[in-house]
Colleague: 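One structure, as structure tokens, below. Some questions next.
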Amino acid sequence: MPKYYEEKEEDGRACAGVREDLRQCLLETSCVIQEGKSPRQCLKEGHCRSLQVSFFECKRSMLDGRARFRGRKGY
């Protein structure tokens, strides 16, 4: 679920909720905190895989012509 904050500025981009959750997940992993790796390296190693797939599906649904009727996936 997306984490909403009152003082935070709103991101008007598509799939903003999934993007924010993926970002938070990566920054909170032990890969970034303890090992000091970049979030990109941790993502390639397979951390936060379910959110990465959700973000991909959301972005892909923007290109899908059927999304006009069904709506974008994600939140």
Side-chain angles (χ1 to χ4, degrees):
M1 287 299 192
K3 299 177 183 174
Y4 296 104
Y5 303 102
E6 292 180 9
E7 66 273 355
K8 187 177 173 188
E9 63 184 51
E10 185 175 326
D11 188 5
R13 294 184 289 187
C15 308
V18 181
R19 180 190 313 265
E20 179 65 27
D21 286 349
L22 178 60
R23 182 178 161 273
Q24 280 302 113
C25 178
L26 285 171
L27 292 177
E28 293 172 357
T29 58
S30 62
C31 177
V32 173
I33 295 173
Q34 294 174 353
E35 298 175 22
K37 295 182 180 179
S38 71
R40 181 177 299 221
Q41 290 172 330
C42 295
L43 193 61
K44 287 182 181 179
E45 291 177 3
H47 297 278
C48 304
R49 194 62 160 171
S50 61
L51 283 172
Q52 182 184 12
V53 170
S54 297
F55 184 63
F56 171 76
E57 290 292 328
C58 181
K59 294 297 258 184
R60 187 175 70 170
S61 72
M62 292 171 53
L63 300 174
D64 188 9
R66 294 173 292 178
R68 292 179 293 158
F69 304 108
R70 296 181 184 170
R72 278 200 311 254
K73 294 182 180 177
Y75 41 89

Colleague: Working to the nearest 0.5 Å, report the span between OG1 of T29 and CD of E35.
Modeller: 8.5 Å
Colleague: Distance from C15 atom SG to E57 atom CD, nearest 0.5 Å?
Modeller: 10.5 Å
Colleague: How many angstroms lie between atom NZ of K59 and atom OG of S61, to the nearest 0.5 angstrom?
Modeller: 9.5 Å
Colleague: Do you reckon V32 sits in the same ILVMFWY cluster as L43, going by side-chain contacts under 4.5 Å, direct or chained?
Modeller: no
Colleague: To the nearest 0.5 Å, what is the distance between SG (C42) and CG (L27)?
Modeller: 9.5 Å
Colleague: Nearest 0.5 Å please: distance from the CG atom of L26 over to the OG atom of S38.
Modeller: 9.5 Å
Colleague: Can you confirm whether the thiol sulfurs of C48 and C25 sit closer than 2.5 Å?
Modeller: yes
Colleague: With side-chain contact (heavy atoms from CB on, under 4.5 Å) as the criterion, how do K37 and E45 come out once you've worked through the C-alpha distance, each side chain's angles and the decisive distance to 0.1 Å?
Modeller: CA-CA 11 Å; K37 295 182 180 179; E45 291 177 3; 2.6 Å; yes
Colleague: Distance only, no hydrogens: is a donor on one side chain within 3.5 Å (strictly under) of an acceptor on the other, for E28 and Q24?
Modeller: yes
